[in-house]
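Residue numbers run from 1 in the order of the sequence given. Side chains included, hydrogens not; waters and symmetry mates left out as well; all remaining heavy atoms used.
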Amino acid sequence: MNLQKLMKQAQAMQANMANAQARLAEKFYTAEVAGGKIKATADGTGNITALSIDPAVVDPDDAEFLSGLVLKAVQEALNGAKAMADAEMRKVTGGLGFPM
């Protein structure tokens, strides 16, 4: 394989990765816990973009329980967004495992 052809392929993959990252910024993953009373949304770049808490689960005497639920929702949203991003990037890299 000649070097010039390899360089063109690398540049094309780089452009495809940039496009995929831009698309991921516009994709969202929402996790729900406590029967949907707490929702956390993350975008494909791993940023939490929304958090919703139903007032019915807010107990001033048990803030620790609420904190645990919120943390669980955020973790699930981030894990889902990461899985979504990994799948998208595998399409671009052909499964070569390049970091995002």
Side-chain angles (χ1 to χ4, degrees):
M1 179 178 280
N2 78 36
L3 188 57
Q4 187 175 15
K5 183 177 179 182
L6 185 60
M7 290 297 291
K8 284 184 181 185
Q9 287 176 336
Q11 288 172 340
M13 184 181 290
Q14 185 177 20
N16 289 340
M17 287 179 71
N19 289 336
Q21 287 173 330
R23 286 191 310 272
L24 283 168
E26 297 174 359
K27 289 186 176 187
F28 300 91
Y29 183 90
T30 299
E32 298 181 8
V33 299
K37 294 189 184 314
I38 298 179
K39 299 175 186 176
T41 302
D43 66 18
T45 64
N47 293 309
I48 295 296
T49 59
L51 181 62
S52 171
I53 302 172
D54 185 323
V57 297
V58 178
D59 180 356
D61 295 326
D62 197 359
E64 187 175 333
F65 178 71
L66 179 59
S67 295
L69 290 175
V70 169
L71 183 58
K72 182 177 180 182
V74 168
Q75 287 173 331
E76 287 183 16
L78 289 173
N79 288 340
K82 183 178 182 332
M84 179 178 65
D86 289 347
E88 185 71 24
M89 295 311 283
R90 272 193 304 274
K91 291 177 192 174
V92 173
T93 64
L96 294 175
F98 291 115
M100 212 168 92

Between Asp86 (side chain only) and Met89 (backbone N and O only), is there a donor and an acceptor less than 3.5 Å apart?
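Not at all, since once roles are kept as given, no pair shorter than 3.5 Å links the two residues.
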So, taking the atom named [atom1] in [X] and the one named [atom2] in [Y], what distance separates them when rounded to the nearest 0.5 Å?
X     : Y     : atom1 : atom2 : result
Ile38 : Asp54 : CD1   : CG    : 8.5 Å
Met84 : Lys27 : CE    : NZ    : 7.0 Å
Asp43 : Leu78 : CG    : CG    : 9.5 Å
Gln14 : Asn19 : CD    : CG    : 11.0 Å
Asn47 : Phe28 : CG    : CZ    : 10.0 Å

To check you understand the geometry: which heavy-atom pair defines the closest contact between [X] and [Y], and what is its length?
X     : Y     : result
Val57 : Lys37 : CG1-CD, 3.3 Å
Ala73 : Ala31 : O-CB, 3.6 Å
Gly44 : Ala85 : O-CB, 3.4 Å
Val33 : Leu69 : CG2-O, 3.5 Å
Ala42 : Ile48 : CB-CD1, 4.0 Å

Would you call Lys91 and Glu88 a salt bridge, using N to O less than 4.0 angstrom?
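Answer for the salt bridge query: yes.
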Does a side-chain heavy-atom distance below 4.5 Å link Leu66 with Asp59?
no
Hphob cluster co-occupancy, Ile53 + Leu71, side-chain heavy atoms under 4.5 angstrom
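They do not share one cluster, since no chain of ILVMFWY contacts under 4.5 Å joins Ile53 to Leu71.
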Do Phe65 and Val74 belong together in a cluster built from hydrophobic side chains that touch within less than 4.5 Å?
yes
